[in-house]
Amino acid sequence: MFVSKFGSAPKFYVRAPGRVNLIGEHIDYCGYAVLPMAIEQDILIAVEPVKTQVVQLANTNSSYLDFSTSANNIEINKTKPLWHNYFLCGLKGIQEHFGLNNPTGMNCLLDGTIPPSSGLSSSSALVCCAGLVTVRANGKTLSKVELAEICSKSERYIGTEGGGMDQSISFLAEEGTAKLIEFSPLRATDVRLPSGAAFVIANSCVEMNKAATSHYNIRVMECRLATKLLSKSKGLDWKKMLKLQDVQVKLGVSLEEMLTIVEEVFHPEPYSTEEICKYLGISLEEFRTQILSQNTQDVSTFKLYQRAKHVYGEAARVLEFKKICDEAPANAIQLLGELMNQSHISCKEMYECSCPELDRLVDICLQFGAIGSRLTGAGWGGCTVSMVPTDKLNNFLKNVEKAYYQTNVQSSALENNSLFATKPGRGALVFVEA
Ligand code: GLA
């Protein structure tokens, strides 16, 4: 297809994987460690650098239209998260990092196997893949950690305030191991998953595009506001505090103690804009311009108690999950399953990032033998991840397929690639023909 499209052969190929997050949802942007693994499904781009400064993009899937732009005039349209805009995020991030004055043009053909808008990080895989394509095409090199950091920042050109988990695992993943990803400084530690259990991804078939809705950014904002109010209540310099983890670090207390502080400081009723302004001693104007992001300007109530409870509780569950994997007690699978179930309940009740279809799918997975099951990724649609004892796997897959996918037309149409067991896959790579 590349040859028929561009009239010449590609010089190299880059692939970047999607991911499934096993535990630690919506806490990366609060500074806390998460525990994902890369999946086998990826974005693959065939590339030929060219002498002109034109970047031409094509997709093997004809529903994604061709696009071309001059390499030194990148404009990213935040109002329409079309596929090529994710490529441009990676391209622009790398160009800016190196201050490239004469970036090379290139012909690129993209092929993807990650179901889009399903919480398996197809968009970040595309940003990462484009970033690595740009590094290679311009004859530069970067470490994986540098690539992950640049691509995490550059995805924000699309307007989402993501935390960096997806880009980090896409670059830092290694075959056969999940990773504990910690931030500031970014680092990844192996987490050996228990033998005797398989991790199964099931797509609720409800599509959720983070960039097209404001759900995600509202949560980021609520966490930021919770940070400010908690800081103020403890006499800290609240203007400098951005993440819920900053409060814990400054106070030098445990996550359990942070949960108690949340109980003391916040009321469960939603906070109004006026109440927050009064608490912080700022005007409505300052609130809108200095604190709220562009696409959260219309939000008028904020659930600070619930969001902070989720974040500190979930951060503790991630550390517990890692500890159980390291110590591998005889009942490891049971203990890990309980943590996954608690995580889902917290996502559903405290963070309100689930949806009826995800909840139904989790119930079905638990009913047919999963020890733990939860939504994975941003939520509000997308996939669940379930931990299933290996000896029950075949029956589990058969029964879940019958119970969830064969009962409604939309799901059964999407049944292929919607329910599969997965193993920790490898991170992003460049392939060059010999
Ligand atoms: C998306 C974001 C991540 C993370 C998850 C929720 O995938 O890109 O940074 O916040 O949602 O855990």
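The model shown is predicted, which means the values in this text are computed figures rather than measured ones. Just follow the structure's listing: the first ligand is 1, and inside any ligand the first atom is 1.
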Quiz item: Short N/O distance, under 3.5 Å, between S124 and ligand 1?
Solution: no
Exercise. Flag yes if more than 12 heavy atoms outside R426 fall under 6.0 Å of its CZ atom; otherwise flag no.
Key: no
Quiz item: Contact between G164 and ligand 1, counting heavy atoms under 4.0 Å?
Solution: yes
Practice problem: Could you please spell out the steps behind the salt bridge (Lys or Arg N to Asp or Glu O under 4.0 Å) verdict for E175 and K423? | Solution: CA-CA 8 Å; E175 196 169 356; K423 291 205 170 92; over 6 Å; no
Self-check item: Contacting atoms of ligand 1, where contact means under 4.0 angstrom from a heavy atom of G163
Solution: 9 (O)
Quiz item: Which of these passes side-chain hydrogen bond (donor to acceptor under 3.5 Å, both in side chains) with E352: R219, Q306, R307?
Solution: R307
Practice problem: Below 4.0 angstrom from a heavy atom of A378, which ligand 1 atoms are there? Numbered from 1 as shown, please. | Solution: 11 (O)
Quiz item: Under 4.0 Å from any heavy atom of Y29, which atoms of ligand 1 are there?
Solution: 10 (O)
Quiz item: If we only count heavy atoms from C-beta on, is the I114 to S121 side-chain gap below 4.5 Å?
Solution: no
Quiz prompt | Centroid-centroid under 6.0 Å between Y64 and H84 rings | solution = no
Quiz prompt | Check: S143/E146 side-chain N/O donor and acceptor closer than 3.5 Å | solution = yes
Self-check item: Distance-only polar pair, side chains of S254 and E257, donor-acceptor under 3.5 Å
Solution: yes
Practice problem: Could you list the atoms of ligand 1 found under 4.0 angstrom from a heavy atom of D28? | Solution: 3 (C), 4 (C), 9 (O), 10 (O)
Practice problem: Report the part of M208 (side chain from C-beta onward, or backbone N, CA, C, O) that has a heavy atom under 4.0 Å from ligand 1; answer both or neither where that applies. | Solution: neither
Quiz item: With a cut-off of 4.0 Å, which atoms of ligand 1 are near a heavy atom of E25?
Solution: 6 (C), 12 (O)
Quiz item: Which atoms of ligand 1 are found less than 4.0 Å from any heavy atom of R19?
Solution: 7 (O)
Quiz item: With a cut-off of 4.0 Å, which atoms of ligand 1 are near a heavy atom of M165?
Solution: 4 (C), 5 (C), 12 (O)
Could you pull out all donor-acceptor pairs under 3.5 Å where a side-chain atom in residues 17-24 meets a protein atom, sequence neighbours excluded?
residue: R19; atom: NE; partner: D166; partner atom: OD1; Å: 2.8
residue: R19; atom: NH1; partner: G119; partner atom: O; Å: 2.8
residue: R19; atom: NH2; partner: D166; partner atom: OD1; Å: 3.2
residue: N21; atom: ND2; partner: G24; partner atom: O; Å: 2.9
residue: N21; atom: ND2; partner: E25; partner atom: OE1; Å: 3.4
residue: N21; atom: ND2; partner: E25; partner atom: OE2; Å: 2.9

Quiz item: When you measure from atom 8 (O) of ligand 1 to each heavy atom in L375, N21, V220, D166, which option holds the nearest one?
Solution: D166
Quiz item: With a 4.0 Å cut-off on heavy atoms, is Q167 touching ligand 1?
Solution: no
